[in-house]
There are 2 protein chains.
Amino acid sequence: MATIYEVSKLAGVSLATVSRVMNNNANVSDATREKVTRAMTELGYRPNSIAQSLASNCSNSVGLLVSELHGPFYGPMMSGIETAFRKQGKHVIIAAGHSNEEREQQAIEFLISRNCDALILHVEAISDDYLIELSKGKTPFVLINRYIAELSSRCIILDNVKGGYLAAKYVLEQGHTDIAYISGPLWKKDAQDRLTGHKQALAEYNLSFNEQLLYQGDFMEDGGAAGFQYLHNNGPQFTALICANDEMATGAMATARECKLKLPEQLSIMGYDNVFFTRHVYPPLSTINYPINEMGRMAADWVLSNVYQKNTPPLQTLFEPELIIRQSVLTHPQ
Amino acid sequence: MATIYEVSKLAGVSLATVSRVMNNNANVSDATREKVTRAMTELGYRPNSIAQSLASNCSNSVGLLVSELHGPFYGPMMSGIETAFRKQGKHVIIAAGHSNEEREQQAIEFLISRNCDALILHVEAISDDYLIELSKGKTPFVLINRYIAELSSRCIILDNVKGGYLAAKYVLEQGHTDIAYISGPLWKKDAQDRLTGHKQALAEYNLSFNEQLLYQGDFMEDGGAAGFQYLHNNGPQFTALICANDEMATGAMATARECKLKLPEQLSIMGYDNVFFTRHVYPPLSTINYPINEMGRMAADWVLSNVYQKNTPPLQTLFEPELIIRQSVLTHPQ
DNA sequence: TTGTACGCGTTATCAG
DNA sequence: CTGATAACGCGTACAA
């Protein structure tokens, strides 16, 4: 592999000059620039990015931590991020945290030890304190789907109370009044917010929230299944079920069907996230759109702007949810 | 950030010795090892992985190229790969090729320019010739889901003709004789193989393959939809439809339902891949399992073994498909 | 067992 | 506009 040194010899210039033309930096006369580029192509020269990193103290890599590499939610997010970075010649190193505090911490340390210039984190288990502490370190990071007041400018989030509100309002508009709710783990901010929005809508309709119709799930399929089972057996009657995310809605649908309920005739179901497979379940699931792809891209833009000083479109940290109507919610016969 | 130099000073030893204890390499007396480690923790020393890479000519990074970062198929694959590598302190750089020849090439060049020690490629559009040429370069790579005779030992593949055979056989066993088939793009080896297996099963049942019941799809949802539409309007009658992958099966199901067919009563449908959402469609889709997660892990083991000389479990390049029975195929009434 | 000295391929700081 | 030359932080023959 040719080095900058050989190029300089062949072009009859110094190392510094070659470096200059590579980086389009200082003023170089067209003549010498020409000589150098010719030498480069002749030798098939390729810069050694590692040497560049060492010398410039910039690895051009950003670490991306998600809970799972599979899972319908993270794919579009990674996709938006990778696309944005590759256009700029940065590369992304991925790691999975598995929603587990220790593993999330390990992943972060791993990414930092890899000399990432910045981190994009979608973490769930790690504490606010840890992140606040981390923010004092030298590796900058953005948070997706997590709000910490002290770090607010680096938090890219969805307006979850609005989302919860939209879901409930839509169901209410269809005439339902007995509405069950399977929430996420309520120690999570997003789960709380969605529930808050839900209650707001109820209040607008002068309906009081019935604690008997609440089940705290885990954002996973099994939680939805268990939730439906529990509510079906122990709770009061309900004609609609709102789940705090699509996976739980899916689990609930499967279990409801096992209980011989006809969907959506005997039970309207509403999800949240608009994960791609919601179109394919039966009946197609009405849900709330979570623009995770755009949010990923925005996280990338944040890094591009704040770490690499690139020009980017204006940054935005709060995103809006949107109602997606399909066929899983029926008008309630009066 | 402390460097090896400061550690050596504090420990009262030379740079080389510090380096030695870091790499557990040469013989170092317990006493000095002790001194050094103490100095390291006291300074909170962290090795600079970039400097290590430059000096050792090993970046400890492997490039992973998939078609899409989203999409149900690649998630489990990336997951298996990332897990295997992180255990060994290697990191994975991801890139998306978008099933497009030019972009796949760009991605490969990008990864190579990033000094990856090895590449794991799931490519679709790139030519065999390009890959054979690439194999002469200095960056080793493995191929997933692609067979090239000249590169056979680095091809990790599924026995697709067997998979095609299993799918057809199962449907035949249920008494169907009029079976439509939506294939993948037939210039792709895996699409061909699946169809070959399909025909084999038919032959075993003394049934001749009816070209009228074949539609060439694109492995995507729309292809399945178009395929069903076409076969439904133009083809002979059929009581079962086998699709060469789950996405097309999903598209076909949606369209069949739009055509007022009751599923699975009026049409049995079979998929291929066992992508995770097949459990959630309605009716739950019978399909062929593609152990992509394991295959990803195997690709990682290949790299660990061949590039990093780590001990790994025995390598395996050919994987077996498996029949997954759910509820989308009904016994055909005689 | 330990230390010296050089090399890895660039960038960056000065002079000129 | 261009050229020396010193970092960058570490691995590794080679010598001691």
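First the proteins, then the strands, lettered A, B, ... as listed; each starts at 1. Keep in mind that this is a model prediction, so the values were computed, not measured. Atoms considered below: every heavy atom in the structure, side chains included; atoms not considered: hydrogens, waters and symmetry mates.
- The closest donor-acceptor contact from the side chain of B:Ser53 to the backbone of B:Cys58 lies under 3.5 Å.
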Reading nucleotides 8-16 of chain D 5' to 3', which nucleotides get B (base under 4.0 Å from a protein heavy atom), which S (sugar-phosphate only), which -?
BBBBBB---
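- For the atom pair CD (B:Glu320) and CG (B:Asp159), the distance works out to 5.5 Å, reported to the nearest 0.5 Å.
- The nearest whole Å value for the distance from the CG atom in A:Asn60 to the C1' atom in C:dT11 is 13 Å.
- Atom CD1 in A:Ile81 sits 11.5 Å away from atom CD1 in A:Ile94 (nearest 0.5 Å).
- The phosphate of C:dT2 (OP1 or OP2) has a side-chain N or O of B:Ser29 nearer than 4.0 angstrom.
- Each of A:Ile108, A:Leu64, A:Leu65 was compared with A:Leu119 under the side-chain contact (heavy atoms from CB on, under 4.5 Å) criterion, and only A:Ile108 meets it.
- In summary, the side chains of B:Tyr147 and B:Asp190 do not present any donor paired with an acceptor at a separation below 3.5 Å, with no hydrogens or angles considered.
- Residue A:Ser53 is out of contact with every strand shown, counting any heavy-atom pair closer than 4.0 Å.
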